[in-house]
> 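Let me give you the structure first, and then I'll get to my questions.
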Amino acid sequence: MLKHKVVPGLSMVCAVMLASAPSMSLAQNAPAPFAKCAACHTVKAGARSGLGPNLSGVVGRKAGSVSDFKYSAVLKDKPFVWTPQQLDAFLTKPAATVPGTKMIFGGISDPRERKTIIDFLGRQ
């Protein structure tokens, strides 16, 4: 039988870190609906991309153009700019808007949540 060494307070520290992990990756002024995005994306200017590309400056940016992120070929080769309308369509159903995207996210059905996220991204 294996014996585990118990370190006093370690489980509490781990619990606090896990509970605060999503908020640590959120920008200070991020709206609540952006928490769905923050699991994979950052919005801090100049920060490295994570599981998803950095979204700082995404509104008005050419799709697939963040240099430190490896996009799916289908998104990298898409000839469009991320406008609020394009982001709205993509956030509604990513795989339907850009078939073959690597983004494994089902989408956001609530138009108010999408607008909140897009408005926030427009200020980043």
> Please list all pairs passing the ring pair (Phe, Tyr, Trp, His ring centres under 6.0 Å) test where one or both residues lie in residues 58-78, with sequence neighbours left out.
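Counting only pairs at least two positions apart or across chains, the ring pair (Phe, Tyr, Trp, His ring centres under 6.0 Å) contacts touching residues 58-78 are Phe69-Tyr71.
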> Show me the pairs that pass side chain to side chain donor-acceptor pair (under 3.5 Å) and involve residues 44-61, at least two apart or across chains.
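Residue pairs with at least one partner in residues 44-61: Ser49-Asp68.
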> Hey, could you give me each pair passing side chain to side chain donor-acceptor pair (under 3.5 Å) that has a residue in residues 80-96? Not counting sequence neighbours.
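Sorted pair list: Thr83-Gln85, Asp88-Arg114, Thr92-Arg114.
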> Should Val74 and Met103 be regarded as members of a common hydrophobic cluster, given that ILVMFWY residues are connected when their side-chain heavy atoms come within less than 4.5 Å of each other, either directly or indirectly?
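The answer is yes; both residues are in one hydrophobic cluster.
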> For residues 46-65, which residue pairs pass the ring pair (Phe, Tyr, Trp, His ring centres under 6.0 Å) check, not counting sequence neighbours?
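Residue pairs passing ring pair (Phe, Tyr, Trp, His ring centres under 6.0 Å), neighbours aside: none found.
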> Run the salt-bridge test on Lys115 and Asp119 with the 4.0 Å N-O cut-off and return the result as yes or no.
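Asp119 and Lys115: salt-bridged.
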> Looking at every non-hydrogen atom in both residues, tell me the closest pair between Lys76 and Lys62 and how far apart they are.
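Scanning both residues, the minimum pair turns out to be O-NZ, 3.6 Å.
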> Measuring from Leu87:CG to Leu55:CG, what's the distance to the nearest 0.5 Å?
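Output value for this atom pair is 8.5 Å.
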> Using side-chain heavy atoms (C-beta onward) and a distance below 4.5 Å, is Phe90 in contact with Ile108?
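No, too far: nothing below the 4.5 Å cut-off.
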> Measure the SG-CD1 distance between Cys37 and Ile117 for me, rounded to the nearest 0.5 Å.
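It is 4.0 Å, given to the nearest 0.5 Å.
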> Any side-chain heavy atom of Phe120 within less than 4.5 Å of one from Asn29?
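Contact flag for Phe120/Asn29 side chains = yes.
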> Distance from Thr97 atom OG1 to Phe80 atom CZ, nearest 0.5 Å?
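That separation rounds to 8.5 Å.
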> Going by the rule side chain to side chain contact (heavy atoms under 4.5 Å, CB included), which residues pair with Val81 if we only count those two or more places apart in sequence or in a different chain?
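If we apply the side chain to side chain contact (heavy atoms under 4.5 Å, CB included) test to Val81, skipping adjacent residues, there are no hits.
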> Could you list all the side chain to side chain donor-acceptor pair (under 3.5 Å) pairs where at least one residue sits in residues 99-113, not counting sequence neighbours?
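Matches after skipping sequence neighbours: Lys36-Glu113, Asp110-Arg112.
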